[in-house]
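Here is the structure we will look at, set down as structure tokens.
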There are 2 protein chains.
Amino acid sequence: MTVPRRPATMADVAARAQVALSTVSRALNGRPGVSPAQAERIRAVARELHYAVSPAASGLVTGRSGAVGVLLPHIDQWFHSTALAGLEDALRGSGLDVLLYRAESAADRAAFFQSLPFRRRVDALVVIAVSLTAEESSALSGHGVPVVAVSSRIPGAPFVGIDDGAGAAGAVRHLTNLGHRRIAVIRSTNATGSFGSASTSRFAGFRQAMEERKLPVPPEYVVSAPWGMEGGSEAMAALLSSADIPTAVFTESDEVAIGALRTLRRSNLVAGRDISVMGFDNHSMADLMDLSTVAQPVREQGRIGGQMALEAMETGSVEQPETVLPTRLIVRGTTAAPGAE
Amino acid sequence: MTVPRRPATMADVAARAQVALSTVSRALNGRPGVSPAQAERIRAVARELHYAVSPAASGLVTGRSGAVGVLLPHIDQWFHSTALAGLEDALRGSGLDVLLYRAESAADRAAFFQSLPFRRRVDALVVIAVSLTAEESSALSGHGVPVVAVSSRIPGAPFVGIDDGAGAAGAVRHLTNLGHRRIAVIRSTNATGSFGSASTSRFAGFRQAMEERKLPVPPEYVVSAPWGMEGGSEAMAALLSSADIPTAVFTESDEVAIGALRTLRRSNLVAGRDISVMGFDNHSMADLMDLSTVAQPVREQGRIGGQMALEAMETGSVEQPETVLPTRLIVRGTTAAPGAE
């Protein structure tokens, strides 16, 4: 195999593959008009010649950036990094780059929606678990960049996620079926101090399951704390100091539940025996903590979000614009029938 | 404030800011020749006009891509996502995009080093926790793209990380000082089935501390398993079936230690009381698991790696090309003096 000493050009690829320059361009940019077999052969020749597309030059010709943007509130939390890995699975081999936009704080968010940095830089934007205001939502549209929503809905955008309300209601029914009557909930606020759409839906599911059984939800059984282990720990401490301690606690995420378990352990209470604790998500640590939870397919959500973005870029629309993946109740050791009173 | 109805151009920004076009270009591309105050004023005007740089056009003029590439083996593991968040901290506000390259499997890696997709797409490449072969290492250089190494060294590249050997030796000295004599180690292999540089250095630190006390390391006390909780769980099971069970186990990461703790619990053994277990990293779950460990500043490593990349892009070199951050022994409940034999 001979490799030109200067960087290979698209013309080198065309000559070696014995096809027209325009055919190479279509094949390497993933555009129609070239058969899959021919496209694969051309990509193989390009690899052989170490041909690197110059995105700047290529972008000016095709009007494409060759990249998919991802907006997410956190990079280093389990849900978000797992969904991001799934998105990368879907884009792998497409030749598209994945470009990160993190909007963690309220200031980050304001800056993102003021400058909309993704315009002209990406061919599609996937928004993972960001609950948008109506204003933010409308700011995203009208730039010719398709938007895909993962986990939190965006009006008018294709969506992949779960039915948070149904998942939560099922988890709480598990508790009522075990015989629990005094069931508390720990709600989680996000970095902007408000409840995201997943939190709101899960809380609605909790209320629904309680109403079905005509069980009261006194105000002291609804505790809100910042999302995370610390918040869960503190919220459980608050519940342990209520006048009438609940026999079960539903949390909106496993990290919160794990924090609650820490408070129980420090109080020499045994989860399951003394107080039941229910998580949500099936975090990678849930099995180890023997935590009952509602499993949701996170990596799969990222993967489908990536596929939707590719489809929107290719065809201008997404044929199946709503994908709701099933959740699954996992009963482990932290939930059990309440003891004798 | 009036905003042009067509997308704002650089000329609009220059007119509003009352400066030359070239000054706007320099300010928005972060190039020298414009004072920080003036650059800030120009960026404010650009924001006010919702001016979006077209990276394709801008890249052809400046020869820059406006992006930093990140190569990492995993997106959804604690160490990697935490370091990535730190990197994003450092690049935040620079106007540079973060572009992800994941090389998880051996095949991913081969594809990355064959096609070197970062060429012409990024202005710098940060490699997080990838132990390169000599061949891979030399493949990265010579493309005019500065490379920065985080956590695993790359010959000739600026490096930020920790002293893995010293951290491990300190942890093992803690065990020998408690009186342990029969100390086993669980080594971790990566996706390609080999030991990465961090693993190799931590094992060397273990051996050094054992030699200092002239303690034997019989072959059955060196167990290797794939990195992760499952591997740790299985390795601990193997150690529990050795002829002469060790009184302490040093692991090369907290995930592995947490897996080992699960096996102990399932065997009705109490970590600390029956067998001491030492982790490494101070994972976000280590505190909750009451796991003794060696803390390393992970987010800080990503942040410094990002700063090094910026410096290399701006000046062509990195003034302090080696930053070794301190580790810190954290003693929790899983390590204690061995019981009477």
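By convention in this document, chain letters (A, B, ...) are assigned in the order of the sequence lines, proteins followed by strands, and residues within each chain are numbered from 1. Every value quoted in this text rests on a predicted model; they were computed, and no experiment measured them.
- Residues A/Arg262 and B/Leu288 approach most closely at CB-CD1, 3.5 Å, considering heavy atoms.
- Between B/Met285 and A/Met229, some side-chain heavy-atom pair lies under the 4.5 Å cut-off.
- For the pair A/Leu100/B/Leu100, a side-chain contact is recorded, criterion being any heavy-atom separation below 4.5 Å from C-beta on.
- Using a 4.5 Å cut-off between heavy atoms, B/Ser284 touches chain A through its backbone atoms (N, CA, C, O) alone.
- Side-chain contact between A/Asp108 and B/Arg92 is present, with heavy atoms from C-beta onward closer than 4.5 Å.
- When B/Leu84, B/Asp76, B/Thr82 are each tested for a side-chain contact (heavy atoms from CB on, under 4.5 Å) with A/Ser81, only one passes: B/Asp76.
- For A/Asp287, the part sitting under 4.5 Å from any heavy atom of chain B is the side chain, from C-beta outward, and nothing else.
- With a 4.5 angstrom heavy-atom cutoff, B/His283 touches chain A only via side-chain atoms.
- To the nearest 0.5 Å, atom OH of residue B/Tyr101 and atom CD of residue A/Glu88 are 11.0 Å apart.
- Using a 4.5 Å cut-off between heavy atoms, B/Leu261 does not touch chain A at all.
- Expressed to the nearest 0.5 Å, how far CD1 of B/Ile75 lies from CZ of A/Arg299 amounts to 8.0 Å.
- Under a 4.0 Å N-O distance rule, the pair A/Arg102/B/Asp89 qualifies as a salt bridge.
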